[in-house]
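Read through the structure below, which is laid out as structure tokens, and then see the notes.
Predicted model only: the values in this text are computed from it and were never measured. Proteins come first, then strands; the chains are lettered A, B, ... in the order of their sequence lines, and each starts at number 1.
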Amino acid sequence: MKTTSSFSEKVYAVVRKISCGQTLTYGEVARLAGSPHAARAVGTALSKNFAADVPCHRVLRSDGGLGGYNRGLKRKIALLKSEGVK
DNA sequence: CATTTGACGCCAA
DNA sequence: TTTGGCGCCAAAT
């Protein structure tokens, strides 16, 4: 159990629940995290996240864009492609 | 404590 | 349909 109530921790928990090949948008993650209007905060939190436990590469933009990745966009694209997500 | 920045999202023109 | 501007939240400086 975690006693951390930080918003970023909630975001990590949600993203960690994403199944292989499953992709969510920042807005969806924000909503699941408890703040439906904090899409921006989700990106801010993930940008500081370097935990491999959090498949942040499965979080895309509502526009269908990839957004960004703290390991390099190329890495994100490769991972999504490997999981069957285009 | 106040201000700026940032992996976003939606509405208007 | 595409581009621009405004609003949202959290973390960093």
Side-chain angles (χ1 to χ4, degrees):
Chain A
M1 261 313 243
K2 85 168 71 63
T3 51
T4 42
S5 307
S6 302
F7 178 79
S8 22
E9 291 296 322
K10 296 183 197 169
V11 174
Y12 302 148
V14 173
V15 176
R16 202 180 298 141
K17 291 173 187 97
I18 305 178
S19 303
C20 184
Q22 176 75 263
T23 53
L24 290 175
T25 65
Y26 292 98
E28 286 292 284
V29 175
R31 190 165 71 80
L32 295 170
S35 295
H37 291 282
R40 206 141 201 193
V42 172
T44 304
L46 290 179
S47 69
K48 289 171 195 112
N49 166 55
F50 277 84
D53 302 279
V54 181
C56 39
H57 64 265
R58 290 185 189 150
V59 185
L60 314 177
R61 292 181 36 170
S62 54
D63 297 89
L66 293 169
Y69 197 55
N70 48 20
R71 282 326 240 187
L73 246 315
K74 297 243 356 119
R75 197 63 173 168
K76 183 168 183 174
I77 296 167
L79 287 163
L80 290 170
K81 205 161 156 266
S82 270
E83 295 181 3
V85 180
K86 185 155 37 54

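- In this model, the phosphate group of C/dA11 is approached by a side-chain N or O of A/S8 to a distance below 4.0 Å at OP1 or OP2.
- For A/N49 and B/dG6, the CG to C1' distance is 15 Å, given to the nearest whole Å.
- Checking A/A45 against A/R40, the closest nucleotide of DNA chain C that is more toward the 5' end is the one next to A/R40.
- Within the 4.0 Å cut-off from OP1 or OP2 of B/dG9, at least one side-chain nitrogen or oxygen of A/S62 is found.
- Between A/L32 atom CG and B/dG9 atom C1' the separation is 16 Å, expressed in whole Å.
- Distance A/F7 CZ to C/dC8 C1': 11 Å, rounded to the nearest Å.
- As a whole-Å value, the separation of A/R31 CZ from C/dC9 C1' is 17 Å.
- Nucleotide B/dC8 holds its C1' atom 15 Å from the CG atom of A/L24, rounded to whole Å.
- Inter-residue side-chain proximity for A/P55 and A/V15 is flagged as met; some heavy-atom pair is nearer than 4.5 Å.
- In this entry the distance linking NE2 of A/H37 with C1' of C/dC6 reads 14 Å, nearest Å.
- The partner of C/dA11, taking Watson-Crick or G-U wobble pairs whose two distances both stay under 3.5 Å, is B/dT4.
- Residue A/A41 is classed as a base contact, given a heavy-atom separation below 4.0 Å to a base.
- Between the CG atom of A/L66 and the P atom of B/dG6 there is a distance of 20 Å, given to the nearest Å.
- Atoms CG (A/L79) and C1' (B/dA7) sit 15 Å apart, rounded to a whole Å.
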